[in-house]
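As a basis for the values below, the full set of heavy atoms in this structure was taken, side chains included, without hydrogen atoms, waters or symmetry mates. Throughout, residue positions are numbered sequentially from 1 according to the sequence presented.
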Amino acid sequence: MPRYRSHYIPRTRQGWIAVLLFLGLLALAEPPIVHAFANRTEPWVFGLPFLYVYLLVVYSALIGVLLWVQRRRL
């Protein structure tokens, strides 16, 4: 019976880059970093507290990585 590679492991270099970039950005949105660095309301940026702008940028970057992966069909 043939053994197939797991579909969870990326096969290309771009796939590895996408996975590591996504996990790195996701780590920026999780509590240890958010609570230590971005958990503040001052300064206000475009009329929003800093925390909201920070999370908006990180989540937008995560969506950007997913769209890049979909476009490249990784």
Side-chain angles (χ1 to χ4, degrees):
M1 194 158 153
R3 295 203 54 168
Y4 297 106
R5 273 184 75 181
S6 173
H7 62 281
Y8 293 118
I9 300 173
R11 292 172 282 189
T12 63
R13 183 170 188 247
Q14 288 183 345
W16 278 106
I17 291 170
V19 167
L20 294 176
L21 185 60
F22 188 84
L23 290 176
L25 287 169
L26 188 62
L28 292 176
E30 295 299 317
I33 295 175
V34 171
H35 288 238
F37 173 69
N39 193 15
R40 56 186 173 176
T41 56
E42 297 290 334
W44 286 67
V45 182
F46 302 119
L48 295 171
F50 177 76
L51 175 63
Y52 292 166
V53 175
Y54 173 82
L55 289 175
L56 177 68
V57 169
V58 171
Y59 290 149
S60 297
L62 285 169
I63 292 170
V65 170
L66 292 177
L67 291 174
W68 176 65
V69 166
Q70 182 184 21
R71 191 177 321 127
R72 294 273 187 168
R73 295 185 181 190
L74 300 175

Can Val69 and Val19 be said to form a side chain to side chain contact (heavy atoms under 4.5 Å, CB included), step by step?
CA-CA 9 Å; Val69 166; Val19 167; over 6 Å; no
Please determine whether residues Leu56 and Val53 belong to a single hydrophobic cluster, defined as Ile, Leu, Val, Met, Phe, Trp and Tyr linked transitively by side-chain heavy-atom distances below 4.5 Å. no
Problem set entry | Same apolar cluster (I L V M F W Y, side chains within < 4.5 Å links), Ile63/Ile17 | no
Discussion item. Can you confirm whether Arg40 is buried at CZ, in the sense that more than 12 heavy atoms of other residues, nucleotides or ligands lie under 6.0 Å from that atom?
Written reply: yes
Here the ring-ring contact (aromatic ring centres under 6.0 Å, His included) pairs for residues 51-74, sequence neighbours left out, are Phe37-Tyr54
Separation between CG (Leu55) and CG (Leu28), nearest 0.5 Å, reads 10.0 Å
For Ile33 and Ala27 the tightest heavy-atom approach is CD1-O, 3.4 Å
Residues Gln14 and Trp16: side-chain donor-acceptor under 3.5 angstrom:
no
- Message: With a 6.0 Å cut-off (strictly less than), is the heavy-atom count around CZ of Arg5, excluding the residue itself, greater than 12?
- Response: yes
Side chain to side chain contact (heavy atoms under 4.5 Å, CB included) assessment of Asn39 paired with Leu51: CA-CA 6 Å; Asn39 193 15; Leu51 175 63; 4.1 Å; yes
Those residues at least two apart in sequence (or on a different chain) that pass side chain to side chain contact (heavy atoms under 4.5 Å, CB included) with Phe22 are Leu26, Leu62, Val65, Leu66
Is the number of heavy atoms from other residues, nucleotides or ligands within 6.0 Å of CD (Gln70) greater than 12?
-> no
Looking only at heavy atoms, the pair that brings Gly15 and Pro10 closest together is C-CB, 3.6 Å
